[in-house]
Structures are given as structure tokens and as C-alpha cells.
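Structure first, then comments.
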Amino acid sequence: MPPAPELISPRSPRVSAARRLAKRNFRGKERLFLAEGPQAVREAAAHRSEGRAGLVELFATPEAAERYAEIVGEARAAGAHLHLADEEVIADISTTVTPQGLVGVCRFLDTGFEAILRTRPRLVAVLAHVRDPGNAGTVLRCADAAGADAVVLTDASVDLYNPKAVRASVGSLFHLPVAVGVPVERAVAGLRDAGVRILAADGAGDRDLDEELDKGTMGGPTAWVFGNEAWGLPEETRALADAVVRVPIHGKAESLNLATAAAVCLYASARAQRAVGGCRSVTV
């Protein structure tokens, strides 16, 4: 039989402290955020920054602790304190409709922008004016899958640690460097000085992605700038880029949503960079 819960009341001080992390001002003050579900908790337990584990505490129902015993073991090995709690407590902390029984409290893990530049990145996603947390997390996941070296969220974009953004990243938040709060002008200037070509993704762009691939211009270090879900990139941001590129629409669809367009663009760069003569093929 699984052990009895040790935290019964949602009014417990530890439960109250975790619940407050659903609000941005408390996250910023404590520099802690919530990660829900087995995949996110597993990645948080494995993450290390400056010699410290990313996971600080783990709240779990007895049933979830038994079902995900391996993940709970990894969390405890990382030094996280385990709180066994009943379903009412987990539901009180969780921001999902159907909690999976595991909620982790994690340390902030964003990276300084200058530290990213020192790595001489070859593929970067820049989120400028992206306000929807689900889209931000999904783009981060796409960047991770495409092998990007970093993600940059500008100061006009959503909070990286919004629970919806964390959930949408499905653990990718813990895989690659992410800088936050960077003015878009600084992001573009810094990346350009690091030898990175800046491409703005926009449905009204004067360059066609397929044509750029055919011309062989996509094999070098590249940063893609993605804009707001509703109105795209403002003119002043497009003007900062070396080129404004559209994803061609071959069918009758009016447009692509942000995450889909980001996936297409990032994978186009990833493929070009891995081709003969691409910047990654030189280093592999």
C-alpha cells in the first residue's frame, strides 16, 4: 500500500507558498516556478545549473509517487524534498484541469544574453512581442527539437515561467539556454555582432523560404525573429532584420499559426546547416 499523505490541508504553509507561484510577481520575488506532470518533473530533476539541481520540492499524491517511482527517486536523488499530499492539495497547487499527481517547485533557469552570445550560437529563436504562453512554450519545444542553440524572449514577450508556457514546452525549457527580458534591438545587434544572420518570419515577407533554400543562403548561423500571434512583427522590428521571409502557402489556407510557422522555419535552417557546406557540417 502507498504511504499516507503527509500534507492534508491546502492551508499548509508549504502548500500556500507553492500555490502563490501561479502568480508572476511571486515567481519573480522567489525566483521559483511550478512544473507539472511526470515529463516536466523528470527534466527538472535532471537539470543542473551552477552545480544545483533545478528541482527544489516535489508534491505528489501517494498513487502518483507509486506510479512514477523512478521519477520520485530521481527527484530525491537531486535533493528535492518530497511532500506526499492528497488529491485536494495537488488540485489546489496545480493549474491544470486534470492534474497528473506530480507538481514540482523549480529554480529559475534563464541564462544571461551575453553568455549565449559567447557560445557563438548557430541557430536561435527570438520571440518578439509573443504574448500567448502556450505559443511561447510550443516554439521553445520546436526550437529544442530542431537543435537550436538558444531561445531569446524579448522584454515585450510573455513570462517564460507562466504555467501554460512551462506546460507547453513539455520539458524542453530544461534543455537549452533561454534569455529573457532582452530588448529586441539589443537581441538583434548582439546576434549580428556574433556573426548570426537575422531573419524575420512574416507572412508578408518579400523573400520566400523555399527560394532561400534553393539559393543556398540558409546554411550559415541564423536567428529567426517571430512576432505576435495576431499582428505579426511591427515594421520597426522587421526593419532590423537582414531579410523578411515568408513561409509559402501552397494551398488555400489563409495563414499558419505562430508555432507551426516557427517549426517550418527552424527546421529549414536546421536542414540547411547540416547539409554539405552548412555551418554545422563543418563542426561535426
Side-chain angles (χ1 to χ4, degrees), residues 28 31 33 47-52 54 107-130 135-161 165 169 172-202 212 217-228 233-234 236-245 258 262-263 265-274 277-284:
R31 291 193 60 79
F33 69 100
H47 182 80
R48 295 291 183 277
S49 178
E50 299 179 351
R52 300 188 303 174
R107 293 185 177 91
F108 275 19
L109 43 73
D110 47 278
T111 302
F113 182 54
E114 297 301 325
I116 288 175
L117 296 179
R118 286 194 294 271
T119 68
R120 309 298 291 185
R122 295 161 296 184
L123 183 56
V124 180
V126 179
L127 277 63
H129 316 284
V130 174
N135 276 331
T138 303
V139 173
L140 200 156
R141 183 183 182 186
C142 292
D144 180 22
D149 299 297
V151 173
V152 177
L153 274 74
T154 70
D155 53 359
S157 287
V158 70
D159 176 23
L160 172 66
Y161 302 108
S169 80
S172 287
L173 172 64
F174 299 97
H175 293 168
L176 73 173
V178 183
V180 300
V182 184
V184 66
E185 296 83 359
R186 181 186 171 210
V188 169
L191 289 165
R192 184 175 284 123
D193 288 345
V196 178
R197 185 184 183 213
I198 311 299
L199 298 180
D202 193 281
E212 292 295 305
T217 62
M218 303 283 293
T222 302
W224 282 98
V225 182
F226 303 108
N228 182 271
L233 288 168
E236 56 268 26
T237 301
R238 293 198 298 270
L240 297 171
D242 297 309
V244 181
V245 181
L258 171 62
C265 294
L266 291 166
Y267 266 92
S269 286
R271 180 175 181 178
Q273 290 180 358
R274 284 166 171 76
C279 67
R280 290 179 186 265
S281 66
V282 173
T283 60
V284 173

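Below, all heavy atoms of this structure are taken into account, side chains as well, without hydrogens, waters or symmetry copies.
Atom-to-atom distance recorded for E212:CD and C265:SG is 11.0 Å, nearest 0.5 angstrom. Atom CG of residue L191 and atom CZ of residue R186 lie 10.5 Å apart, to the nearest 0.5 angstrom. Rounding to the nearest 0.5 angstrom, the gap separating the SG atom in C142 from the CZ atom in F226 is 8.5 Å. Note: L140 CG to L173 CG = 6.0 Å, rounded to the nearest 0.5 Å.
Between the R120 side chain and the A194 main chain, a donor and an acceptor come within less than 3.5 Å of each other. The backbone N or O of I116 sits less than 3.5 Å from a side-chain atom of T119, completing a donor-acceptor pair. Side chain of R197 to main chain of A243: no donor-acceptor pair is present (N/O by atom type, distance under 3.5 Å, no hydrogens or angles). The closest donor-acceptor contact from the side chain of N228 to the backbone of H129 lies under 3.5 Å. Distance alone, capped at 3.5 Å, places no donor-acceptor pair between the R107 side chain and the R52 backbone. Without hydrogens or angle criteria, H47 side chain to F174 main chain gives a donor-acceptor distance under 3.5 Å.
Inter-residue side-chain proximity for F108 and L160 is flagged as unmet; no heavy-atom pair is nearer than 4.5 Å. A heavy-atom distance below 4.5 Å is not found between the side chains of V151 and V139.
Under a cut-off of 6.0 angstrom, the local environment of CZ in R238 is crowded, with over 12 non-hydrogen atoms contributed by other residues, nucleotides or ligands. Heavy atoms from other residues, nucleotides or ligands lying under 6.0 Å from CZ of R271 number 12 at most.
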Worksheet item: Please walk me through it: do L109 and F33 pass side chain to side chain contact (heavy atoms under 4.5 Å, CB included)?
Response: CA-CA 10 Å; L109 43 73; F33 69 100; 4.3 Å; yes
Fill in: Worked check of side chain to side chain contact (heavy atoms under 4.5 Å, CB included) between L233 and V225
CA-CA 9 Å; L233 288 168; V225 182; 4.0 Å; yes
Practice prompt. Test side chain to side chain contact (heavy atoms under 4.5 Å, CB included) on V178 and L153 and set out the steps.
Written response: CA-CA 7 Å; V178 183; L153 274 74; 3.8 Å; yes
Worksheet item: Does the side chain to side chain contact (heavy atoms under 4.5 Å, CB included) test come out yes or no for E236 and V184, once each step is laid out?
Response: CA-CA 10 Å; E236 56 268 26; V184 66; over 6 Å; no
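For the side-chain contact (heavy atoms from CB on, under 4.5 Å) criterion with T222, the lone passing option out of I198, V124, L199 is L199.
Closest of all the heavy-atom pairs between V152 and A187 is CG1-CB, 4.3 Å.
In terms of the ring-ring contact (aromatic ring centres under 6.0 Å, His included) criterion, Y267 has no residue partners (sequence neighbours excluded).
Listed by first then second residue, pairs satisfying side-chain hydrogen bond (donor to acceptor under 3.5 Å, both in side chains) with a partner in residues 150-160 read R27-D159, T154-S157, not counting sequence neighbours.
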Atom pairs and distances, side-chain donor-acceptor, residues 143-150, under 3.5 Å, sequence neighbours left out:
unit_1, atom_1, unit_2, atom_2, d
D144, OD2, S172, OG, 2.6
D144, OD2, H175, ND1, 2.7
D149, OD2, R122, N, 2.8
D149, OD2, L123, N, 3.0
D149, OD2, R280, NH2, 2.9

